[in-house]
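Comments concern the structure below.
Computation of the quantities below employed the complete heavy-atom set of this structure, encompassing side-chain atoms and omitting hydrogens, waters and symmetry-equivalent molecules.
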Amino acid sequence: MPQSRRTFLKKTLAVGAAIGFPTIIPARALGKDGAVAPSERIALGVIGLGPRCQTVLGCMLEEADVQCTTVCDVQASRLARGKGWVDKKYGNNDCAALRDFRELLARKDIDAVLVATGDRWHAMGSIMAAKAGKDVYSEKPCGITIADCQSLADTMHRYGRVFQAGTQRRSIANYQLAAHLAHTGKLGRLHTLHASIYRLRVRYDWLPEQPEPAKDICDWDTWLGPAPWRPYNAGYVNGGWRTHFDFDSGATLHDWGAHTVDLCQWAAKADDTMPVEYEPTADNITAKYANGVKLVMDFLNSPFGNRDPHYRTRLGTCPVRFEGDEGWVETGDSGDLEVHPASLKSELRQLRRRPDGISPGSHGRNFFDCIRTRGRTNANPEVMRHSHIACHAAALAWMLGRKLTLDPVKEVFVNDEEANRMRSRPAREPFSV
């Protein structure tokens, strides 16, 4: 019969004592000297080993109560590199390397998975993981359609899994302080929220066909997954899939919007709803909640500068601004906060603030803590659902070039069949759930 690691260790000790052999087991294996015993660690599997994964996994590997046991990628070079990251950290060669993520999900010794594939796989990979009994940390955007986000949230609830969307700024101190000012009435009644987003773009063409590599070098069919088939081009697998409609969540709006719109939702205490109107202009997409509060998604000319002077560049990437009738606060990835009136600065000094930068470390820690308590994560399924759908609605308004009205309860567009058809996309067989 299968045995737990703790049972195995106890039996080993008993057998050693019975036959008179000295049994030497490292203190670390028994959870002594401040270490966490293997039987008490969260066993982590990783699906997708690109550049973003290196950042997130790098933080997760620092957690003493987490053990990455298995990595998976359809590209041989990335798979080898990912296994190398893990083995180097642990000083051994124990990390299993798999090409097929379904083999990873079938393993009973894995408790949780990090889904860090390209966008097209996030929802389906997370849903399949939940059905396999795993808790899930998914990189954003967690779904490339409204229907994806709905199905993902519903699945996590149905299977009772802990889920964390990779919108880590909810777990970062300066953004938490900005939300605190909004939540405690220090800004007065909120009337306008500003979320920075990329200047949107989308393309529908195909890159030129190139010879398809052997399956053990790059499994192109699985790489495409639920996305429509197209000929292989190395540009796609090297990150050039972005902005292509078939692979992208919608005109790149989620690249920053998944963070900044989410933060505005949080500040407005709107985690259980979303704006009802979305109107594109030359400079932004202006949304409006049922209570009249405005959410302005401001276009940036590039991800790292040349933005509207309304924002201060030194606040870094992903800036947000919360405005009330008694004051405002503005912050970004630099960690700095600008406030008005000046009296709010003393309010900030009374609160502790740590220099998080944009590290996902505290967000991952929140995920692992919730695995143990079965509590709600900072970016739980409902948080993801509503903020992501708001982003999708805004992107569709921009792509269609007209104002859209959304029923926030039914999550359908009012009197716009074309927009409603675009809430979902067909999944390519056999990559469907």
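Across A130 and V136, no two heavy atoms sit closer than the pair N-CG2, 4.3 Å. Nearest heavy atom pair, residue C264 against residue A195, reads SG-CB, 3.9 Å. When all heavy atoms of F163 and S126 are compared, the pair lying nearest together is CE1-OG, 4.4 Å. The minimum heavy-atom distance linking D407 with V409 is given by the pair OD1-N, 2.9 Å. What you find for I172 and S359 is that their closest heavy atoms are CD1-O, 3.8 Å. L295 and P275 get closest at one heavy-atom pair: CD2-CG, 4.0 Å.
Aromatic rings of W121 and F431 (six-membered ring for Trp) have centroids within the 6.0 Å cut-off, being under it.
Ion pairing of D111 with K134 is absent here, as no side-chain N (NZ or NE/NH1/NH2) approaches a carboxylate O to less than 4.0 Å. Between R169 and D262 there is no salt bridge, since no side-chain N of the basic residue sits under 4.0 Å from a carboxylate O of the acidic one. Ionic pairing of D298 and R199 is not present here: no N-O contact between side-chain nitrogen and carboxylate oxygen is shorter than 4.0 angstrom. For D65 and R365, the salt-bridge test passes: some basic side-chain N is under 4.0 Å from an acidic carboxylate O. Of the charged side-chain nitrogens involved, at least one lies within less than 4.0 Å of a carboxylate oxygen, so that D246 and R230 count as a salt-bridged pair.
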Evaluate side-chain hydrogen bond (donor to acceptor under 3.5 Å, both in side chains) for E330 paired with H194, printing each intermediate quantity in order. CA-CA 9 Å; E330 189 174 318; H194 287 270; over 6 Å; no
Between H254 and H259, does the ring pair (Phe, Tyr, Trp, His ring centres under 6.0 Å) criterion hold? Intermediate values first, please. CA-CA 8 Å; H254 281 77; H259 292 292; over 10 Å; no
Step-by-step side-chain contact (heavy atoms from CB on, under 4.5 Å) determination, C149 to H392: CA-CA 10 Å; C149 299; H392 282 301; 3.9 Å; yes
Before giving the answer on side-chain hydrogen bond (donor to acceptor under 3.5 Å, both in side chains), spell out for Q265 and Y289 the whole-Å C-alpha distance, their side-chain angles and the decisive distance to 0.1 Å. CA-CA 10 Å; Q265 287 264 117; Y289 292 91; 2.8 Å; yes
From CA spacing to verdict: side-chain contact (heavy atoms from CB on, under 4.5 Å), C53, L114: CA-CA 8 Å; C53 176; L114 164 61; 4.2 Å; yes
Stepwise ring pair (Phe, Tyr, Trp, His ring centres under 6.0 Å) check, Y204 with H244: CA-CA 6 Å; Y204 302 94; H244 287 269; 9.5 Å; no
Using the side-chain contact (heavy atoms from CB on, under 4.5 Å) rule, take F367 and D135 through it: C-alpha gap first, then chi angles, then the decisive distance, then the call. CA-CA 9 Å; F367 172 57; D135 296 320; 4.1 Å; yes
So Y236 and W241, ring pair (Phe, Tyr, Trp, His ring centres under 6.0 Å) or not? Walk me through it. CA-CA 5 Å; Y236 295 129; W241 54 267; 9.8 Å; no
Should L105 and M128 be marked as a side-chain contact (heavy atoms from CB on, under 4.5 Å) after you check the CA-CA gap, both sets of side-chain angles, and the distance that decides it? CA-CA 8 Å; L105 296 181; M128 293 176 72; 3.8 Å; yes
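In this structure, a donor-acceptor pair under 3.5 Å is present between the side chains of T331 and N174. In the model, R201 has no side-chain atom that pairs as donor or acceptor with a side-chain atom of T252 under 3.5 Å. Remark: the Q164 side chain and the N366 side chain contain an N/O donor-acceptor pair separated by less than 3.5 Å.
Proximity of a side-chain donor or acceptor of H122 to a complementary backbone N or O of P141 within less than 3.5 Å is detected. Although no hydrogens or angles enter the test, the distance criterion places no donor-acceptor pair under 3.5 Å between the side chain of K131 and the main chain of T155. The closest donor-acceptor contact from the side chain of N238 to the backbone of G235 lies at 3.5 Å or more, if one exists at all. No donor-acceptor pair under 3.5 Å is formed between the side chain of T192 and the backbone N or O of K294.
Applying the side chain to side chain contact (heavy atoms under 4.5 Å, CB included) rule to A393 yields the partners Y278, L406, F413; only residues at least two apart in sequence or on another chain are considered.
Figure legend: cation-pi geometry between R120 and W223, with NZ or CZ positioned under 6.0 Å from the six-membered ring centre and within 45° of its axis.
Around the CZ atom of R374, the shell of radius 6.0 Å holds more than 12 heavy atoms that belong to other residues, nucleotides or ligands. Annotation: R376, atom CZ; neighbour count of heavy atoms from other residues, nucleotides and ligands within 6.0 Å does not exceed 12.
Side chains of L98 and T70 form a contact here, defined as non-hydrogen atoms less than 4.5 Å apart.
Under the salt bridge (charged side-chain N to carboxylate O under 4.0 Å, His left out) criterion, the residue pairs touching residues 419-433 are D221-R428, with sequence neighbours excluded.
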